[in-house]
**Q** 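Can you read through this structure? Questions will come right after.
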Amino acid sequence: MSENRIVRAAAVQIAPDLDRPDGTLERVLNAVDEAAAKGARFMVFPETFVPYYPYFSFVLPPALQGAEHLRLYERAPTVPGPLTQAVAAAARRHGVVIVLGVNERDHGSLYNAQLIFDADGTLKLKRRKITPTYHERMIWGQGDGAGLDVVETAVGRVGALACWEHYNPLARYALMARHEEIHAAQFPGSLVGQIFADQMEVTIRHHALEAACFVVNATGWLTDEQVAQVCPDERLRGACRGGNCTAIVSPEGKHLADPLGPGEGILIADMDLALVTKRKRMMDAVGHYARPELLSLLHDDRPASFVHQPIRSPTVSRSLDHEQQPASDEPSLGAAGRGGPGRDADGAPDQRVAVLRR
């Protein structure tokens, strides 16, 4: 239950290290130490913060992205691996829950992954962004429905989405239906300009209201030197500025601290989880305010599989044996006979139909 619990949250907005392979991880661990020293028990870092968000894909044409894309492959962590071990150790040492965005490498593909570490260091959830946005489709593969989940942690029920996944109402509803109390939102920051920050604020406040949960949102940030490094063409540098709205929002849609604009910082605020029930008493979109007999969500929560085995049941085998027997003088009693549509000649349901229907 969410009553009588106050959780101090930290939303981290810092610059990545674009130069050193392990530099961003060092920055993450230092920020965890700093936020924990301020009493934070729940921490959120920006979208694909490790090793860095692929800003190059937004400003470079595809023909010029090869070298930077390969560099990202070289630095992207595997999960599990040394990165998860280091972050898990930090979570366990401080007794904090950490949500970290990474570029996950899985053999020949990269994915926009969100990792949720519990206070004992357990990796409770690894999920992948279900649909990369616009330029990102040149960089990342697609996630699956298994990651649209909410996990029980030391601070409450936690879910996460990345960037424009928040514009997918069905993805958000999948988490709402699992009764998330704290939602981790991640955006890249330093992108598109102020309009991105304005839209982001509307989005996270709306989700807090609709889901009756707290939203802790973290955006990244690039220094002027890093903007110049990512955008050698001065005419494009405006595309890598703005878009910062690191914030902590209550289930009533209120900011619990002034959001962070451009620059580095760690936003700290206390979340009184009793507000979850206070809000849901009035409007529970997956309970008393829902009409599932009229509107409901179909969610395929199976992990993606690239290899599928054919299913052969005893009924199918028997049917195939029948097909190989010599024809008789008796009339056929198959699908159009006594069995009816979708049944074998013996009257049993035709499992081949069931397999196709699944």
**Q** Contact between Phe58 and Leu191 at the side-chain level, heavy atoms closer than 4.5 Å - yes or no?
**A**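 Touching, per the 4.5 Å side-chain cut-off.
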**Q** Thinking salt bridges, do Asp144 and Arg128 make one under a 4.0 Å N-O criterion?
**A**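 The answer is no: the pair does not qualify as a salt bridge.
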**Q** With a 4.5 Å limit on heavy-atom distance, are the side chains of Tyr52 and Arg75 in contact?
**A**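 SC-SC contact between Tyr52 and Arg75 confirmed.
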**Q** Would you say His207 and Glu180 are linked by a side-chain donor-acceptor pair, where the criterion is simply a distance under 3.5 Å?
**A**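 Short answer, yes.
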**Q** I would like to know whether Glu26 and Arg20 meet salt bridge (Lys or Arg N to Asp or Glu O under 4.0 Å); could you show each step before the answer?
**A** CA-CA 10 Å; Glu26 291 178 13; Arg20 297 182 300 139; 3.2 Å; yes
**Q** Please report the shortest heavy-atom distance between Cys240 and Val227, naming the atom on each side.
**A**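 Nearest pair, atom of Cys240 first, then Val227: O-CG2, 3.5 Å.
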**Q** Is it true that, when you exclude Leu64 itself, more than 12 heavy atoms of the residues, nucleotides or ligands shown sit nearer than 6.0 Å to its CG?
**A**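 Counting other residues, nucleotides and ligands, CG of Leu64 exceeds 12 neighbours.
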**Q** So, Glu152 and Lys124, do they make that salt bridge, N to O below 4.0 Å?
**A**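 Result for this pair is no, no salt bridge flagged.
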**Q** Are Tyr173 and His299 close enough that their ring centers fall under 6.0 Å?
**A**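 Here the rings of His299 and Tyr173 have centres that are no less than 6.0 Å from each other.
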**Q** Are the side chains of Pro16 and Phe49 in contact, using a 4.5 Å heavy-atom criterion?
**A**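 Of all side-chain heavy-atom pairs linking Pro16 with Phe49, at least one is under 4.5 Å.
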**Q** Would you say Val276 and Val44 are hydrophobically clustered, going by side-chain heavy atoms of ILVMFWY under 4.5 Å?
**A**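 Same cluster: Val276 reaches Val44 through Ile, Leu, Val, Met, Phe, Trp or Tyr contacts under 4.5 Å.
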**Q** More than 12 heavy atoms of other residues, nucleotides or ligands under 6.0 Å from NZ of Lys278: is that the case?
**A**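 Count not over threshold, so no.
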**Q** Please tell me if the side chains of Leu161 and His183 come closer than 4.5 Å, counting only heavy atoms from C-beta onward.
**A**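 Counting from C-beta outward, Leu161 and His183 do come under 4.5 Å.
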**Q** If you define the side chain from C-beta out and look only at heavy atoms, does anything of Leu72 sit under 4.5 Å from Leu110?
**A**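 Leu72 reaches Leu110 side chain to side chain.
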**Q** Should the pair Lys129-Glu165 be classified as a salt bridge under the 4.0 Å nitrogen-to-oxygen rule?
**A**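 So Lys129 does not pair with Glu165 through a salt bridge.
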**Q** Just by distance, with hydrogens left out, do Glu136 and Asn112 show a side-chain donor and acceptor under 3.5 Å apart?
**A**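 Glu136 vs Asn112: no donor-acceptor pair found between side chains.
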**Q** Applying side chain to side chain contact (heavy atoms under 4.5 Å, CB included) to Met271 and Leu256, what does each step give before you reach the verdict?
**A** CA-CA 8 Å; Met271 304 184 298; Leu256 297 180; 4.2 Å; yes
**Q** In the structure I gave you, are the side-chain heavy atoms of Thr122 and Phe117 within less than 4.5 Å of one another anywhere?
**A**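 No, their side chains stay 4.5 Å or more apart.
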**Q** Check for me, please, whether Ile268 and Val7 land in the same ILVMFWY cluster - side-chain distances under 4.5 Å, paths through other members count.
**A**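 No, Ile268 and Val7 fall in different hydrophobic clusters.
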**Q** For the CG atom on Asp258, are there more than 12 heavy atoms of other groups (residues, nucleotides or ligands in this structure) within a distance under 6.0 Å?
**A**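 Atom CG in Asp258 is not packed in, count stays at 12 or less.
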**Q** Using every non-hydrogen atom in the two residues, find where Ser190 and Leu222 come nearest and quote the distance to one decimal.
**A**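 Shortest heavy-atom separation between Ser190 and Leu222 comes out as OG-N, 2.8 Å.
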**Q** Does a sphere of radius 6.0 Å around OH in Tyr167 hold more than 12 heavy atoms from other residues, nucleotides or ligands, not counting ones at 6.0 Å or beyond?
**A**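 Yes - once you tally the heavy atoms of other residues, nucleotides and ligands closer than 6.0 Å, there are more than 12.
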**Q** Quick one: sort the His69 and Phe56 rings into parallel, tilted or perpendicular, breaks at 30° and 60°.
**A**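 If you compare the ring of His69 with that of Phe56, the planes turn out tilted.
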**Q** Is there a path from Val216 to Ile98 through hydrophobic residues (I, L, V, M, F, W, Y) whose side chains come within less than 4.5 Å of each other?
**A**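 Looking at the clustering, Ile98 is in a separate group from Val216.
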**Q** So, are Glu210 and Arg205 salt-bridged, with charged N and O less than 4.0 Å apart?
**A**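 Not counted as a salt bridge, because no side-chain N and carboxylate O are separated by less than 4.0 Å.
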**Q** Are Gln114 and Gln186 close enough that a side-chain donor and a side-chain acceptor fall under 3.5 Å?
**A**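 Short answer, yes.
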**Q** Are Gln229 and Asp19 linked by a side-chain donor-acceptor pair shorter than 3.5 Å?
**A**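 Distance-only check passes for Gln229 and Asp19.
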**Q** Of the non-hydrogen atoms in Tyr73 and His107, which two are nearest, and what is the gap between them?
**A**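 Heavy atoms only, the tightest pair is CE2-O, 4.5 Å.
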**Q** List the steps and the verdict of side chain to side chain contact (heavy atoms under 4.5 Å, CB included) for Phe187 and Thr246.
**A** CA-CA 9 Å; Phe187 287 77; Thr246 290; over 6 Å; no
**Q** Do the charged groups of Arg92 and Asp118 touch, with an N to O distance under 4.0 Å?
**A**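 No, this pair does not count.
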**Q** List the steps, then state whether side chain to side chain contact (heavy atoms under 4.5 Å, CB included) holds for Thr84 with Leu115.
**A** CA-CA 9 Å; Thr84 57; Leu115 311 178; 4.1 Å; yes
**Q** Hey, are the side chains of Arg241 and Trp221 touching, using non-hydrogen atoms and a 4.5 Å cut-off?
**A**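 In short, these two side chains do not touch, never coming nearer than 4.5 Å.
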**Q** Counting distance only, does the side-chain N/O of Glu252 pair as donor-acceptor with the main-chain N or O of Leu209 below 3.5 Å?
**A**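 The answer is no, because no donor-acceptor pair under 3.5 Å joins these two groups.
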**Q** Run the numbers on Met200 and Thr219 for side chain to side chain contact (heavy atoms under 4.5 Å, CB included), then give the verdict.
**A** CA-CA 10 Å; Met200 188 188 311; Thr219 60; 3.3 Å; yes
**Q** Would you check if Asn103 and Trp140 make a side-chain contact, meaning some heavy-atom pair closer than 4.5 Å?
**A**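 Side chain of Asn103 against side chain of Trp140, heavy atoms only: contact under 4.5 Å found.
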**Q** For residues Val230 and Tyr53: do they belong to one hydrophobic cluster (side chain heavy atoms under 4.5 Å, members Ile, Leu, Val, Met, Phe, Trp, Tyr)?
**A**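 Both belong to a single hydrophobic cluster.
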**Q** With a sphere of 6.0 Å drawn around CG of Leu294, does it hold more than 12 non-hydrogen atoms of other residues, nucleotides or ligands?
**A**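 Buried by this count: over 12 neighbours within 6.0 Å.
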**Q** First locate atom CG of Leu29, then atom CZ of Arg93, and finally report the distance between them rounded to the nearest 0.5 Å.
**A**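 Going from CG on Leu29 over to CZ on Arg93, the span is 7.5 Å.
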**Q** With sequence neighbours left out, what residues match His94 under side chain to side chain contact (heavy atoms under 4.5 Å, CB included)?
**A**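 Testing His94 for side chain to side chain contact (heavy atoms under 4.5 Å, CB included), a comparison that skips the adjacent residues, returns Val32, Asp33, Ala36, Val96.
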